[in-house]
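First the structure, in the form of structure tokens, and then the observations on it.
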Amino acid sequence: MAGAPTSLHMGAAAQRRLRRRYAREFRFKAVSLGALGLMALFLVGFIGGIVAKGWSGFVTTEIRLDVTYSERHVDAGDPAGGGFRPIVVEALRKVIPEATERDDMRALLGLVSNGGFVAVRDAVAEDPSLVGKAVEIWVPAASDIDMLVKGHVDRGLPEDRRRTDDRTIGFVDRLEAAGDIRATFNWDFFTTGDSREPELAGIGGAVLGSFWMLLVTFLVSFPTGVAAAVFLEEFAPRKKWVDVIEVNINNLAAVPSIVFGLLGLAVFLNVMHLPRSAPVVGGLTLALMTLPTIVIATRAALKGVPPSIREAALGLGASPAQVVSHHVLPLALPRLLTGAIVGMAQALGESAPLLMIGMVAFIVDLPSGPMDAATALPVQIYLWADSPERGFVEKTSAAIVVLLAFLVAMNGVAVYLRQRFEIRW
Amino acid sequence: MNVTVFTVILLVLAAAGFFMGRGRAIGLAAGRPASLHSRPVHHGWYVALACGLPAIALWVAALAIGDRLVASSVVASLPQDLRDASAPVLTRFLADAETLARGGAPVIEITPDLEAAAERFASLRALEHWIGFAGAFALGLVGFGLAFRRIAPAHHARQPVERVLLAALLVAAAISILTTVGIVFSVLFESIRFFDKVPILDFLFGLRWSPQIALREDQVGSSGAFGAVPLFAGTLMVSAIAMLVAGPIGLLSAIYLADYAHPGFRAVAKPMLEILAGVPTVVYGFFAALVVAPLLRDAGAGLGLSVASESALAAGAVMGVMIVPFVSSLTDDALAAVPQSLRDASLGLGATRQETVARVILPAALPGIVAGLLLAVSRAIGETMIVVMAAGLAANLTANPLEAVTTVTVQIVTLLVGDQEFDSAKTLAAFALGLALFVITLGLNVMALRAVRKYREEYD
């Protein structure tokens, strides 16, 4: 048989079989890699798209006004009570002198945001000596103008299908040519509360609301979660009821977040009568939701401390409580904090339970404490995403960028803590 | 003087007890710490707990009981016509009187009656707080004195302190049980009230869902508008689409990462999936509503299909992507639990990697994978924000994924957002839906845990 291939392993049929098997192997590998590639593609398109959209949300369009506070319109005794619409129109006519008709006036007034009129008023209200003088003020443009200048309006569309008519576009082009329109970084976006007008809306209120809420969540869930984990891991007797607690915690971790919202609504609002829309209620609700996460993470951290440490301390005469508080907990601290931060990041991104307890209200004022009515960053995103105005799209994306930045920062701290302080035994 | 100030004073008293107790123990030791049975810290805690615990407990009890006494006393002082008013009116009146007493702005009009009630509230509250505080403070001082006198080198301070500590830890662990009990009771009670108004069989098997027309009390039941089948069907469809996306992609990527990828590739790909897992669901919802839904609609129009702008497909597909990291990470755990020796044996017999995966590793890891998929289904069913933002509101019993459907979670949100009254069938229906959601997801979780426990092969 020397030299002749055995038909079972080397024959033509066997070769075909082998080729088929290898082809299947190749296909399977390619499809698996394709699945991962699909996710990578999605991630790039998803995050990239939102960041690209949100970028212009951090920039705002301003119009320069050469305001003259003539005595005809402003009374020096009561500067805030003046008529500021004519003042703004006059200022704009310095660039566009031929705009005199009624429709022209309306178009001119439409260029400036309501916040612009407020800015013109506040300037003279703060400094009444301006009456009778001329000053240069940069005021925010109306949202439609903002969109136009940023190029979000398709000028090729027929006039009746655009939100800005040809007359307004002509005015804007004139102002732009005269250098009276500029784009600046929108600092107000970070400090102001919500608004019905996209160009004036900010995330300051939502960020503060999220802050107060997370503070409550952390203060409640961290000590409780760590204590529960220490009990289960270090002190619990091997009894049936301890098993019940364990199974219960694992099940709680998988309960949908909206059910925690129902719990918050029924217990904190309807039974305990805590104020609606307040961060304290949101914080308590989210605390119950993050509790299982923290317990599970803490138990993993405690398991990571080798028994020899406990035995050594016990051998030197420490009581079990001293073993835990002097040795086990400090050694587990980095991983424990990592778990807590991950839990907090999860709570920061959560919005469904907050809808249940009234944190979706339209709130302009900044909350000054956990009892004030407030909204949270993800809920603000939800509210803006629901708004029909074109200007809110970029605001929503910008708010998402801020939220993602917070999450990245928190997870970055967690990774740093883990790598810097974790002890490998 | 308000509640916060009094509470802080009691805490300061306890803190003072700690430092004085510790100081006295250190003094008694006179430089020889070994002469003490318990460490000075334990003596300090002993005194602090002896004076703080009873005082705080009495203070809390006094507030709880006192508030009821004050309220009933205010009600007793009200004119007869107000006392005979319906319960909601009276509750509103009392709440506003309380607000006014605190200096806030009441909802109802300010009348002399309201002002009188507010004044009575304010004075009685102040009295209540002073009495409660005085009692608590006195009790604290007594505890302090008794504990402080017992400090001696031979005094066993450590044991009682550690017993209290252990009790505190136990209470913390019990909070999780309380949470579950709270969830069960809050949804169960409201659901029972709902089923008083709408028969449970109508709810479970009714084919029509339109809670809007049942806003008024007298219409409830007669309209039969609380049939939840369209919601269950919609939830099922969106979850099924999500699992069709997440199942294969999650499984395949986990298999690739576990059995094919270089360590360097793994180090890049795993964090990528973790990033996707960390993105808040509201962001996915925004993406689904703003990008995916219009994309599908345009693609459908190009193919001559009519795709609803809030189609189940858009919401389901994006939800699927959201769940991929979850499926992949749980599958990864299951694959990692299969011993290397099985892989080596299969490869050593000449099987390709694909054959090894399909015939050896997957069967061995199956219980874990099934459990992971069940947990993923439970997540898809409970997911809220994506469907709230990208799925429809109108209940629509259809099998066409291109049409708009609504889900259980969407309806819970729409029924409860902005709704203040708590007695209408509309609001209660949300709790009945919540109960259904809780029971279904709990069942899936329990099944998942069972699957792992029962079918897991022990290799080591």
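The figures that follow rest on heavy atoms only: side chains count, while hydrogens, waters and symmetry mates do not. To find a chain, count down the sequence lines: A is the first, B the second, and so on, and within it residues start at 1.
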Option in [options] with maximal non-hydrogen atom pairs under 4.5 Å from chain B:
{"options": "A/V271, A/L263, A/I249", "value": "A/L263"}
{"options": "A/S397, A/A227, A/G349", "value": "A/A227"}
{"options": "A/D386, A/I258, A/V259", "value": "A/I258"}
{"options": "A/I381, A/T396, A/L291, A/V230", "value": "A/T396"}
{"options": "A/F46, A/F235, A/W384, A/W241", "value": "A/F46"}
{"options": "A/K53, A/Q346, A/E350, A/Q322", "value": "A/Q322"}

For [X], is it the side chain, the backbone, both, or neither that has a heavy atom closer than 4.5 Å to a heavy atom of chain B?
{"X": "A/V393", "value": "both"}
{"X": "A/I400", "value": "side chain"}
{"X": "A/L403", "value": "side chain"}
{"X": "A/I50", "value": "side chain"}
{"X": "A/I47", "value": "side chain"}
{"X": "A/E246", "value": "neither"}
{"X": "A/A40", "value": "both"}
{"X": "A/A254", "value": "both"}
{"X": "A/L38", "value": "side chain"}
{"X": "A/M356", "value": "side chain"}
{"X": "A/L36", "value": "both"}
{"X": "A/L252", "value": "side chain"}

Counting only N and O atoms by type, is there a donor-acceptor contact under 3.5 Å from the side chain of [X] to the main-chain atoms of [Y]?
{"X": "A/N270", "Y": "A/L265", "answer": "yes"}
{"X": "A/T290", "Y": "A/G343", "answer": "no"}
{"X": "B/T414", "Y": "B/Q411", "answer": "yes"}
{"X": "B/S38", "Y": "B/A157", "answer": "yes"}

Q.
Is the distance from the ring center of B/F265 to that of B/Y260 below 6.0 Å?
A. no

Q) Ring centroid separation for B/Y256 and A/F28, is it under 6.0 angstrom? A) no

Pair [X] + [Y], salt bridge at N-O below 4.0 Å:
{"X": "B/E162", "Y": "B/R158", "value": "yes"}
{"X": "B/D332", "Y": "B/R266", "value": "yes"}
{"X": "B/R353", "Y": "A/E25", "value": "no"}

Region of [X] in contact with chain A, defined by heavy-atom distances below 4.5 Å:
{"X": "B/V321", "answer": "both"}
{"X": "B/I255", "answer": "side chain"}
{"X": "B/L290", "answer": "side chain"}

Q: Test side-chain contact (heavy atoms from CB on, under 4.5 Å) on B/L444 and B/I381 and set out the steps.
A: CA-CA 10 Å; B/L444 283 169; B/I381 290 175; 4.0 Å; yes

Q) B/L257, B/V184, B/V279, B/L178: which one forms the most heavy-atom pairs within less than 4.5 Å of chain A? A) B/V279

Q. Hey, which of B/L435, B/T180, B/I175 has the most heavy atom pairs under 4.5 Å with chain A?
A. B/T180

Q.
B/F438 vs A/F260, test: ring pair (Phe, Tyr, Trp, His ring centres under 6.0 Å). Steps then yes/no.
A. CA-CA 10 Å; B/F438 181 68; A/F260 283 96; 8.9 Å; no

Q. When the ring planes of B/H156 and B/H37 are compared, do they come out parallel, tilted or perpendicular, using 30° and 60° as the limits?
A. parallel

Q: Identify the two heavy atoms, one from A/V295 and one from A/G225, that lie closest to each other, and give their separation to 0.1 Å.
A: CG2-O, 3.6 Å

